[in-house]
Amino acid sequence: MTSILSDIDSTPLKVLVGASLVVGACKLTTTTLSYLALLFDLFLLPAVDFKKYGSKKGCWALITGASDGIGKEYAKQLAKKGLNIVLVSRTQSKLESLATELEAQYKVQTKVVAFDASVDSPSNYIAIGKAIEGLPVSVLINNVGQSHSIPVPFLETEEKELTDIVTINNLVTLKITQAVVPTIVNSVKTKASSRGLVLTMGSFGGLLPTPYLATYSGSKAFLQSWSNALAGELKSSKVDVELVISYLVTSAMSKIRRSSLSIPTPKVFVASVLKNVGRRCGAQERYATSTPYPIHALMHWWIENTVGVYSKVANTLNLNMHKSIRIRALKKAARNQKKE
Ligand SMILES: NC(=O)c1ccc[n+]([C@@H]2O[C@H](COP(=O)([O-])OP(=O)(O)OC[C@H]3O[C@@H](n4cnc5c(N)ncnc54)[C@H](OP(=O)(O)O)[C@@H]3O)[C@@H](O)[C@H]2O)c1
């Protein structure tokens, strides 16, 4: 650096180049440290021990959207870790058959609560309250969510779809949290569990403003701020609160059946979430947030450290991608209609 500066005659230019080199060195150091922390989280640290969240101690986990996809995997893998499970979703029969499977396979207790989360009815929260009454609940997984049926311009989004997304992803998720967290705090207070845990499913759709999925994108971005704020509030009660960020996973919602390196199955995805609870992985710059699946983590880290999530470049790429998905989805729907 001194040799570069000694070749420059003008003092103001010397100051400018010197300052740029210092800023560049600082940026390079922080970026390198952040990347090393990501690798450390993903590949070197051992799996988190769920004993601190009450596994094998008679504690319970409540999971929303538990009858299918990612939620069903949360239920299976938490039961395998020795937590009793309260399963919540819309369809009673699917919940009951999963409950039977969990009890037989993992020797845990289960309860089921069926309601439609697109309806913000007091009866939902009363039903949850009744189900968990007297139980040492230590874990809440806010997994239930809805997206658009296909990418759609915001101004053409049907009122029902718009209302359902905001009601399920935000309003009802917040009210379920209000119904369950006092019990989690009490489980920690009474030492049924050393710590409590509230995990909420975020999305790349919320990480990056996503044209043509505007309502879903906004609803998941809302969860980022809400969940982070709650993390601060519940820290002193020893309840860990974390937003989990994910790119695509095979499921009914994503309409993707075949997994790939960047699109894991729910089983692989949930294993990476539970292994890394409390670690940021790809979300190095975000408090109480984790992007735990390795390829998603690298994608998140790279976007954040290059173009940035709020950049025009990211927005334009996302717009073009979702426009073309919409065109393909409309063509497919037209073909299917012709066949009928
Ligand atoms: N899959 C992805 O690519 C992806 C990516 C990022 C984030 N996520 C997030 O991950 C979460 C789970 O997604 P998923 O892909 O696993 O979805 P999924 O396979 O479609 O499963 C959705 C679950 O939620 C329940 N559910 C749906 N609508 C409901 C309603 N109105 N009331 C009550 N329960 C309802 C379903 O129950 P019933 O079967 O009884 O209706 C089912 O158990 C969502 O929050 C989603 O935003 C998913």
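This is a predicted model, so every value here is computed, not measured. Numbering of ligands and ligand atoms starts at 1, following listing order.
- In this structure, the protein non-hydrogen atom closest to atom 47 (O) of ligand 1 is Tyr216 OH, 2.7 Å.
- When only non-hydrogen protein atoms are considered, atom 41 (O) of ligand 1 lies nearest to Arg90 NH2, 2.7 Å.
- Between the side chain of Ser55 and the backbone N or O of Gly82 there is no donor-acceptor pair closer than 3.5 Å.
- Considering all non-hydrogen atoms of both residues, Asn276 and Ser290 come closest at O-OG, 4.2 Å.
- For atom 31 (N) of ligand 1, the nearest non-hydrogen atom of the protein is Asp116 OD1, 2.8 Å.
- Listed by atom number, the atoms of ligand 1 under 4.0 Å from Ser246 heavy atoms are 5 (C), 6 (C).
- With hydrogens and angles ignored, the 3.5 Å screen pairs a side-chain donor or acceptor of Glu242 with a backbone N or O of Gly278.
- The residue among Gly206, Gly69, Gly145, Gly202 with a heavy atom at the shortest distance from atom 7 (C) of ligand 1 is Gly202.
- What sits closest to atom 5 (C) of ligand 1 on the protein, heavy atoms only, is Tyr247 O, 3.4 Å.
- Taking only nitrogen or oxygen atoms, main chain and side chain alike, Gly65 reaches within less than 3.5 Å of ligand 1.
- Using a 4.0 Å threshold on non-hydrogen atoms, atom 25 (C) of ligand 1 counts as touching the protein.
- Within the listing of ligand 1, atoms 1 (N), 14 (P), 15 (O), 19 (O) sit less than 4.0 angstrom from a heavy atom of Ser251.
- The closest approach between Pro266 and ligand 1 stays at or above 4.0 Å for every heavy atom of the residue.
- In this structure, atom 16 (O) of ligand 1 lies nearest to the protein heavy atom Ile70 N, 2.8 Å.
- Using a 30° and 60° split on the angle between ring planes, Trp301 and Tyr35 fall in the tilted class, from 30° to 60°.
- Nearest to atom 37 (O) of ligand 1 by heavy-atom distance, out of Ser67, Ser93, Pro264, is Ser67.
- Side chain of Lys111 to main chain of Ala99: no donor-acceptor pair is present (N/O by atom type, distance under 3.5 Å, no hydrogens or angles).
- The aromatic rings of Phe269 and Tyr293 lie tilted to each other, with the angle between the two planes from 30° to 60°.
- Nearest-heavy-atom check against atom 46 (C) of ligand 1 across Lys72, Met201, His296, Met253 picks out Met253.
- Listed by atom number, the atoms of ligand 1 under 4.0 Å from Phe115 heavy atoms are 32 (N), 33 (C).
- The nearest heavy-atom contact from the protein to atom 35 (C) of ligand 1 is Val144 CG2, 3.6 Å.
- Across every non-hydrogen atom of Ala192 and Cys59, the tightest pair is O-SG, 3.4 Å.
- Close approach to Ser203 involves these atoms of ligand 1, each under 4.0 Å from a residue heavy atom: 6 (C), 7 (C).
- Which parts of ligand 1 touch Leu248 is read off a 4.0 Å heavy-atom cut-off, strictly below it: atoms 3 (O).
- Between the side chains of Asp120 and Tyr125, at least one donor N or O sits under 3.5 Å from an acceptor N or O.
- Using a 4.0 angstrom heavy-atom cutoff, Gln146 does not count as in contact with ligand 1.
- Close contacts between ligand 1 and Ser118 involve ligand atoms 31 (N) [criterion: under 4.0 Å to a heavy atom].
- Of the possible donor and acceptor atoms, none in the side chain of Lys238 sits under 3.5 Å from a partner among the backbone N and O of Lys235.
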TODO: Given side-chain hydrogen bond (donor to acceptor under 3.5 Å, both in side chains), test Gln224 with Thr289 step by step and report yes or no.
DONE: CA-CA 8 Å; Gln224 171 85 65; Thr289 306; 2.9 Å; yes

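- Between Val188 and Ser194, the shortest heavy-atom contact is CG1-O, 3.5 Å.
- To the nearest 0.5 Å, the span separating OG on Ser311 from CD on Glu304 amounts to 10.0 Å.
- Only the side chain of Ile168 comes within 4.0 Å of ligand 1, judged by heavy-atom distances.
- Residue contact check for ligand 1: Ala66 places a non-hydrogen atom closer than 4.0 Å to it.
- Summarising the contacts of atom 12 (C) of ligand 1 with Thr91, Ile256, Asn143, the nearest heavy atom is found in Asn143.
- Counting protein heavy atoms only, atom 3 (O) of ligand 1 is closest to Val249 N, 2.8 Å.
- By the 4.0 Å N-to-carboxylate-O rule, Arg280 lies too far from Asp41 to be salt-bridged with it.
- For the pair Lys72 and Ser67, the tightest heavy-atom approach, listed with the atom from each and the gap, is CD-O, 3.6 Å.
- When hydrogens are left out, the protein atom nearest atom 39 (O) of ligand 1 is Lys94 NZ, 2.4 Å; that is the closest non-hydrogen contact.
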